[in-house]
Amino acid sequence: MALTKLTPTRHLAWQVVGECAILLDLVTDATIGLNLTGTLVFQRLLAGEHVETLAASLVDEFDVTLDQALVDVRELVASLLARGLVEVHVE
Amino acid sequence: MKGAPPQGLATWWAEMARRAVPVNVRIELTSNCNLRCGFCYKHRSGNANALSLSAWGEVLGDLRTLGALSVAFTGGEPLLYPQAIELMRLARGMGYAVHLLTNGTLLGNDEADDLAEIYPASVEISLHGASAPVHDAATGVSGSFDAAMAACARLRERRVKLVLKTPLTLDSEPELEAIGELARDWGVPWRLSSEILPAEDGHREALVHSASAATIQHLAQVMPVITAAPAASGQACGVGRTTVAIDPEGNVFPCLRWRHSSMGNLRFTSIAEIWRNSALRIEAAEAANAASAWLAGDGRGTPGAQFCPALAIRYAGSVCARYPSFALWEQILGEPKGND
């Protein structure tokens with residue numbers, strides 16, 4: 001199975017403090033605030049965790065199915081990709 | 001999966017202020033400058049003990065851990081610091097939104113190429129006129145206008161986010177509207193600052209360059225862009241809570257204007273220790289809180305007129321008092337609503 005990793009592009013500035021992540025789109029000056037779960041997912045994706053592995057670990061940490069976790073993680077990834085804030089690497 | 005709802009920048013900023021997180025970092029890379037602006041407040045110290053690239057890298061890393069999001073490199077002229085570009089690249093690699101405040105005269109093709117790659121949140125170039133005679137008279141250096149304009153062109157060609165900045169001075173008065181038109185033609189933001197400060201060594205000669213009240217009043221009427229936006233957090237400012245300023249030799253201050261004494265020096269103490277333990281930081285934060293409460297009380301303050309606690313202390317002896325330039329802005333933007 002192909003595994004997907006994310007890296008930030010030069011258009012993204014960000015910070016995570018506690019459970020609060022803020023993302024700055026340096027092209028449009030738009031800001032994206034992430035909720036607690038989004039912050040956790042974002043941090044782990046930036047740390048190099050694969051999308052699929054991360055989704056599987058969320059099943060244990062939250063009350064969700066693997067399918068739902070994959071949907072949620074991919075939704076966040078798709079949103080960041082659409083804004084050009086991250087690049088995807090398939091391994 | 002459940003969690004707190006997504007939030008915007010203003011909410012996040014307010015939360016950072018509540019937690020006292022140094023989100024906003026200002027670094028003076030050097031106090032030296034290649035221009036000779038008569039209104040400049042900087043004291044040129046020579047920077048014999050300027051921090052090295054590796055020392056700045058460590059500081060930026062520590063500040064990131066504390067929660068910093070944005071770093072502005074200023075001076076003096078920051079591009080006189082030999083590794084300014086490398087430092088900006090390093091900061092971007094850490095995830096910072098990077099800002100550069102420069103006079104543009106040292107920004108050649110190589111620097112512009114580097115900046116295009118680094119992708120700063122903004123490069124702010126100071127323009128003191130829309131023509132060489134006016135700009136060069138203000139900077140005291142012939143050719144500085146052409147160099148600044150060339151830098152603007154290089155950045156625009158490379159789609160680097162350019163911001164024009166003009167201190168409101170007697171020198172720039174004759175061409176303020178022309179500079180505004182330039183910014184509009186280029187489609188770039190234009191920031192005006194009305195505060196001419198006494199020099200850091202106490203000399204007050206710079207104040208004779210302050211723009212006239214009549215000119216500021218006129219500009220406010222013809223150029224809505226001149227009015228400043230209220231602080232996002234609804235506070236006087238982020239001093240002591242979300243901002244930190246560092247001079248070329250590692251002295252740490254609550255902000256660039258609040259520098260009657262230092263919170264500590266990075267050669268001897270880590271930024272984390274300084275930030276957490278400084279009584280001066282707490283004093284500044286409390287002053288800003290008091291100023292915010294004072295502004296809110298009895299409807300004092302006028303939307304759009306930004307209040308600086310450091311200037312209130314310097315000019316009026318208290319954070320809960322009007323100082324001349326704030327009073328001027330109140331006058332321009334609306335009648336004062338309360339008594340001191």
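This one's a predicted model, so the numbers in the text were calculated from it and none came from an experiment. In what follows, chains are A, B, ... by sequence order, proteins preceding strands, each numbered from 1.
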Q. Where does Ala116(B) contact chain A at under 4.5 Å (heavy atoms): side chain, backbone, both or neither?
A. backbone
**Q.** Cation over ring face, Arg184(B) and Trp190(B), 6.0 Å, 45°
**A.** no
Q.
Centroid separation under 6.0 Å, is that true for the rings of Tyr119(B) and His11(A)?
A. yes
Q. In a check of side-chain hydrogen bond (donor to acceptor under 3.5 Å, both in side chains) between Glu124(B) and each of His99(B), Lys161(B), Arg191(B), which one passes?
A. Arg191(B)
Q) Which answer fits Thr9(A), side chain, backbone, both or neither, if we ask what part of it has an atom under 4.5 Å from a heavy atom of chain B? A) backbone
Q: Side chain from CB out, backbone as N, CA, C, O: work out which of these in Val27(A) comes under 4.5 Å of a heavy atom of chain B, or both, or neither.
A: both
Q.
Could you tell me if Arg64(B) sits above the aromatic ring of Trp14(A), with its cationic atom closer than 6.0 Å to the ring centre and no more than 45 degrees from the axis?
A. yes
Q: Ignoring hydrogens and angles, state whether a donor on the side chain of Asp60(A) or Ser57(A) is under 3.5 Å from an acceptor on the partner side chain.
A: no
Q. Can you say whether Met94(B) sits under 4.5 Å from chain A via the side chain, the backbone, both, or neither, judging by heavy atoms?
A. backbone
Q: Answer with side chain, backbone, both or neither: which region of Leu24(A) has an atom nearer than 4.5 Å to a non-hydrogen atom of chain B?
A: side chain
